[in-house]
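Have a look at the structure below, then the notes.
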Amino acid sequence: MINARRLAYQVLLNLDKQASYPDRVIRGSLQRRPDFKEEDRALLTELVYGVLRWQGLLDWHADQMIKIKPQKVAPEIRVLLRLALYQVLLLDRIPDHAAVNETVKIAKSTQPVHVAGFVNAILREAIRRKGRWEWPSPETEPEDYLAVTTSHPHWFVLRCLEEFGFDEALSLCRANNTVAPLVLRVNTHKIPAVELMDCMSGAGLNVQPSPVLPDAIRLIGPRQDVSRLSFYRRGLGYVQDEASQLVSLILRPSPGERILDICAGFGGKSTHVAGLMQNRGEVIAVDQSSWKLQELQQNARRQDITIIKTIAADAMDVQPVRLGSFDRVLLDAPCSGFGTLRRKPDIKWRRHPKDPYRFSRIQRRLLEHASLFVKKGGVLVYATCTIFPEEDEGVAMEFSGRHKDWALEPVDHVLPESCRDMVREGFFRSWPHRHGVDGFFAAGWRRVN
């Protein structure tokens, strides 16, 4: 019977060969194995996310011991070494001999005979070395030091050093490697936040009130699939980081209004907006992925939200002549996603140095298009979950420069007092290492003509 480590290898190999959502691959794998115990599910999740988070460091360790050129190591072997080295070097709960023996078994069952001996030798060497590694110097090799010790791509580290300096870059990269708390947006139309906390605590879950938002709860502990928990299935809460929730507050929807969410995705903000509207009015959610909209509709039904209508289409293909005008329009734009590395560590290995610029070109076109749907006196909000200025302030300031009939709406007066330090020059900006939430950006305008 397959165990958690063997399944983790299959999941990681799948992700290495084809970009996908790790949580969905894990969930799909577990759905086919209902016999998995809770501890096995937890171990699988820990191994997959741990390897993805520390992939750069694990590869560096492997390359210190491998005598051939790194690019000549087959992906199957590379993934196997990452999985084993994570257990040996970074995870205390698994004995070294168990990690080595299981890895060699996987190698024997999936690779040519000589590979098992190669893998065994590398792992034995790693155990012998343990803390004895020749690390790059932070003084003379700051880029290499940060890239290796915090497990980030060199190009990302170099940008951080240039923009923030060493200390700030180190803090950001370290924060990216922390396991973010699972944050629930409480469906206050069904249950008060305090009551839901009591219910979750009574069920043995470690929960804390959010220090950012009164209607949010943090679930502390190992990452888990909350879709299996009863409170989630009953629509009492929705998984959404506080920074993402703040974007909906910046939009300031009111009951009875007509709202457009032009890149809705899975509907976290769409359902939040509908909830803030007390389920009165209309929310049009547009996304080109019909399967995401299907999940959005499921999320809405679970939360007893009935005012959301979905349209499966490319945002640029949807025209005002078809949809009409709106009181408020939200563009949660596609972006490089570097503000969410705590939750999505795979992103840093899939992105290219030119991606922020490429995304910024798409974002400018989408923002221009989204503005066409806003009626006179209406509000437009632009948001991303990344940290790069060309995707954030650069896009917002260019829009303001081109459109004198739009007035920038400073966000500080619509945010809770606890979030005032997330405002800079009228824009919303959160950081993992400063605020303990995902890295988000948001700007808002009101159409005056």
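What you are looking at is a predicted structure, and each value in this text was computed from that prediction instead of being measured.
Side chain of His352 to backbone of Lys354: a donor-acceptor contact under 3.5 angstrom is found. Within the 3.5 Å criterion, the main-chain N or O of Ala42 finds no donor-acceptor partner in the side chain of Glu46. Checking side-chain atoms of Asn449 against main-chain N and O of Asp405 turns up no donor-acceptor pair under 3.5 Å. Under a 3.5 Å cut-off, the side chain of Asp215 and the backbone N or O of Thr188 do not form any donor-acceptor pair. His189 places no side-chain N or O within 3.5 Å of a backbone atom of Gln278 that could act as its donor or acceptor partner. In this structure, Gln87 contributes its side chain and Leu83 its backbone to a donor-acceptor pair below 3.5 Å. When atom types are taken as modelled, the side chain of Asp355 and the backbone of Ser336 share no donor-acceptor pair closer than 3.5 angstrom. In this structure, the side chain of His152 engages the main chain of Thr150 through a donor-acceptor pair within 3.5 Å. In this structure a side-chain-to-backbone donor-acceptor pair under 3.5 Å is missing from Ser289 to Lys292.
For Ser325, the side-chain contact (heavy atoms from CB on, under 4.5 Å) criterion is met by Lys375, not counting sequence neighbours. With sequence neighbours left out, Ala19 forms a side-chain contact (heavy atoms from CB on, under 4.5 Å) with Arg350. For Glu425, there are no side chain to side chain donor-acceptor pair (under 3.5 Å) partners at least two apart in sequence or on another chain. Judged as a side chain to side chain donor-acceptor pair (under 3.5 Å), and not counting sequence neighbours, the contacts of Glu409 are Arg252, Arg446.
Among Arg342, Gln240, Lys344, the single residue meeting the side-chain hydrogen bond (donor to acceptor under 3.5 Å, both in side chains) criterion with Asp438 is Arg342. None of Leu12, Val11, Asp16 except one satisfies the side-chain contact (heavy atoms from CB on, under 4.5 Å) rule with Leu52; the exception is Leu12. Results of the side-chain hydrogen bond (donor to acceptor under 3.5 Å, both in side chains) test with Ser360 over Arg358, Arg364, Gln363 single out Arg364 as the only residue that passes.
Between the side chains of Tyr357 and Glu391, no donor-acceptor pair of N or O atoms lies under 3.5 Å. The closest side-chain donor-acceptor pair between Ser171 and His433, if any, does not fall under 3.5 angstrom. For the residue pair Arg174 / Asn177, no side-chain donor-acceptor distance below 3.5 Å is found, with atom types taken as modelled.
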>> I'd like to know whether Tyr232 forms a side-chain hydrogen bond (donor to acceptor under 3.5 Å, both in side chains) with Arg302, so could you lay out the CA-CA distance, the side-chain angles of the two residues, the decisive distance to 0.1 Å, and finally the verdict.
In response: CA-CA 8 Å; Tyr232 185 83; Arg302 187 170 57 250; 2.9 Å; yes
>> For a side-chain hydrogen bond (donor to acceptor under 3.5 Å, both in side chains) check, start with the C-alpha distance between Arg41 and Thr45, then their side-chain angles and the critical distance, and finish with the verdict.
In response: CA-CA 6 Å; Arg41 291 172 176 268; Thr45 304; over 6 Å; no
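Residues Trp54 and Tyr86 place their aromatic rings such that the two centres sit no closer than 6.0 Å. Here Phe441 and Phe427 bring their ring centres to under 6.0 angstrom of each other. Outside the 6.0 Å centre-distance limit, the rings of Phe428 and Phe440 are not counted as a close aromatic pair.
One finds the CD atom of Gln298 at 6.0 Å from the CD atom of Glu295 (value rounded to the nearest 0.5 Å). If you take CG on Asp59 and CG on Leu81, they are separated by 9.0 Å, rounding to the nearest 0.5 Å.
Residues in residues 133-158 take part in no salt bridge (Lys or Arg N to Asp or Glu O under 4.0 Å) pair, two or more places apart or across chains.
Taking all atoms of both residues into account, the shortest heavy-atom contact from Val88 to Ile127 is CG1-CG1, 3.6 Å. Of all the heavy atoms in Gly337 and Ile347, the pair that sits closest is O-CD1, 3.7 Å.
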Side-chain atoms of residues 205-214: list all donor-acceptor pairs with protein atoms under 3.5 Å, sequence neighbours left out, distances to 0.1 Å.
| unit_1 | atom_1 | unit_2 | atom_2 | d |
| --- | --- | --- | --- | --- |
| Ser210 | OG | Val212 | N | 3.0 |
| Ser210 | OG | Leu213 | N | 3.1 |
| Ser210 | OG | Glu242 | OE2 | 2.8 |

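In Gln319, the CD atom is crowded: over 12 heavy atoms of neighbouring residues, nucleotides or ligands sit closer than 6.0 Å.
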